[in-house]
Amino acid sequence: MLLSYLKLAWKVLLRRKFFTFISLFGIAFTLMVLLVVVALFDHTVGAHYPESRLDRMTFAQFLHVRYKDGGNMNTPPSYYVLDKYVRTLRTPEKVSIASNFHATPSYVGNRKLDLDLRYTDAAFWQIMDFNFTQGKPFLEADVKAGSRVAVINRSTARQYFGTEAGVVGRTIVVNQTSFRVQGVVEDVPAMRFSSYADVWVPLSTSPDDLQRVQLQGDYLAIILAKSEADVPAVQAEFEQAMKRVPLPDPKNMEYLDLHADRLIASISRQLMSPLTEYKSDGLELLYPILAGLALLFMILPALNLVNINVSRIMERSSEIGVRKAFGATGGKLVSQFLVENIFLTLIGGILGLLLAYVTLQIISGSQLLAYAQFEMNWRIFSWALLVTVFFGVLSGVYPAFKMSRLQPVQALKASGK
Amino acid sequence: MEPTLTTSHALTDSRATTSLKNTPMIKLSEIEKVYQTDTIETVALNRVNLTINRGEFVSIMGPSGCGKSTLLSLMGLLDEPTSGTIEIDGRPVTSYSDKELAKVRNHKIGFIFQSFHLINDLSVLDNVELPLLYRAGMGGKERRQRALAALEKVGLSARTKHFPSQLSGGQRQRVAIARALAGAPEIILADEPTGNLDSVMGEEIMELLLTLHREANTTIVMVTHDESMALKTERVIRFFDGSQVS
Ligand SMILES: Nc1ncnc2c1ncn2[C@@H]1O[C@H](COP(=O)(O)OP(=O)(O)O)[C@@H](O)[C@H]1O
Ligand SMILES: [Mg+2]
């Protein structure tokens, strides 16, 4: 019976090409966009190379000062603040301080090469999970001594030296300073703001005066807790430590805050600040907003699907009448439409998956986002497919059920054939 | 003589009981059908008493709107009367569950509609197979064979893969007849089967029904406007304004 239902479903879909196309397109396109957006989201905030221990990490990257006149200042903190108040925390397993990355000119012969440069300490290499294809990271001693050593990524090796082989020990000139290459790592996607760079060098080689006493700077702290369960304890100690940071200008400044946030929370804190006024990380707003947007995005195609399905079944009421007249039970009719709808949605789902895969491949290959690698999220795919099947079934089977309860004569008349 | 019809309650294709002539196949008692629309109430059938015997070929005549189609759909269990009882093969229809009703429609009755009511999305063969699809335990192969046999009877063996839209009116009606025959029902109900066809086509269809009646002893009730066709049947019932007049 199932086989003949499937055969019938296939025939009906082929016979009604326009309807099939609209339905399939709606389902596939919605799923595709959803999957691509989720992949982009996951790419930015999921636990990926080299931040594979993301579940234990928190980030302190924006310092907010509230002024008495109601103004706000929001900048990356200084090295001084992070070094004095964050590095000294006792709960974390490790604390790393690094600069933000900046495009820095470098020259290969006459050709200018913009390299993203980041200054880091030695703990950075222990917290992050870099894949070294050659050499090794620089160490505490290198940072203390201000050694001119660098870790570069593979693309830089290729572009600067023309080869990836044997670049360890060679010299790279960035910002008119010579560094000896100590290690080569796999490329890091540019969306990983806290770890990404082309060239990483010791903090101590920075032209900045690191010890200058000020609030604002160009640095971030990456804090690794001993375990995921320990993150709240780290955050609690962090909050306490921040209370000890003196306000440099108490006459005009009301308070300052700096938080150790999970990656998603630190992004949300900035994104949601117009709504939260920095009073919270804004996740309690961000999640409902994202869910709302997703729902809004899904609701139109879903309504469209429902609409198409309902009118399609109304159109086929005479078919339902005929089938009843020749001995179909209500159950048989409902299962026929059930199979048809599930079949259609599954085809749409597979098409959506293929479309999403192709789109992600294209984005990954386009270098639109440097070194991006996107992954399909199967959990979201399953959920989205489930939702689609739900709407498909509901919109297809409910009217079929109503129709199948009619007397055959009424069903035959309903379509006015 | 009151016949004992204990075996005929079983819903089978068996023709063991078909030899019992003059036993009621369809019996309508005090049938009333009232259509209720917003403001108007139409009495389509008014206290109709009618018995069709096993193996009879009966035609029903009467002016348009007198209730012929209504009567036929009640006989075919496609609708319920407002009051009165319908007995098929000795058993009152009200005693059937939905499932049993479906089974009776499937096994005992083949309906031929005036407007064909073929499923346009299905090929000729699939249309004819339709009643067999709902027959428990029948495999695809047997369905196909039976459908092909029915199509051969109506002379459409060469059109099995066509779709209804690719056929002429007469051909469509023959597909509809093949569909009604495919399940080898004991009763065929035909609502103006020649009404939409020219006279040559009409003759052919009539011949088909007569042959069927002769060879398979099928009980046939046919609504028609055509006096000459009606006269070829065993009994003519005339209706006027919801009541039987002769
Ligand atoms: N679904 C319906 N709703 C309301 N009135 C109907 C309906 N079907 C038939 N009628 C009315 O019932 C009467 C009998 O109709 P019908 O049985 O189709 O007549 P016939 O087949 O003899 O032309 C007509 O007056 C018709 O208008
Ligand atoms: Mg009529």
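Since we're looking at a predicted model, the values are computed, not measured. Lettering of chains follows the sequences in order, A, B, ..., and the numbering in each one begins at 1.
Atom NZ of A:K402 has 12 or fewer neighbouring heavy atoms from other residues, nucleotides or ligands inside a 6.0 Å radius. Remark: B:F163 CZ is packed, more than 12 non-hydrogen atoms of other residues, nucleotides or ligands lying under 6.0 Å away.
With respect to the salt-bridge test (charged N to carboxylate O, under 4.0 angstrom), the residues B:E100 and B:R91 qualify. Salt-bridge check for B:E186 with B:R54: passed, with a basic side-chain N closer than 4.0 Å to an acidic carboxylate O.
The most heavy-atom pairs under 4.5 Å with chain A, out of B:L77, B:L132, B:D126, come from B:D126. Ranking B:D98, B:D121, B:N106 against chain A, the residue ahead of the rest is B:D121, based on heavy-atom pairs under 4.5 Å. Most heavy-atom pairs under 4.5 Å with chain B, from the set A:V322, A:L406, A:T329: that is A:V322.
Residue B:E129: no heavy atom, backbone or side chain, is found under 4.5 Å from chain A.
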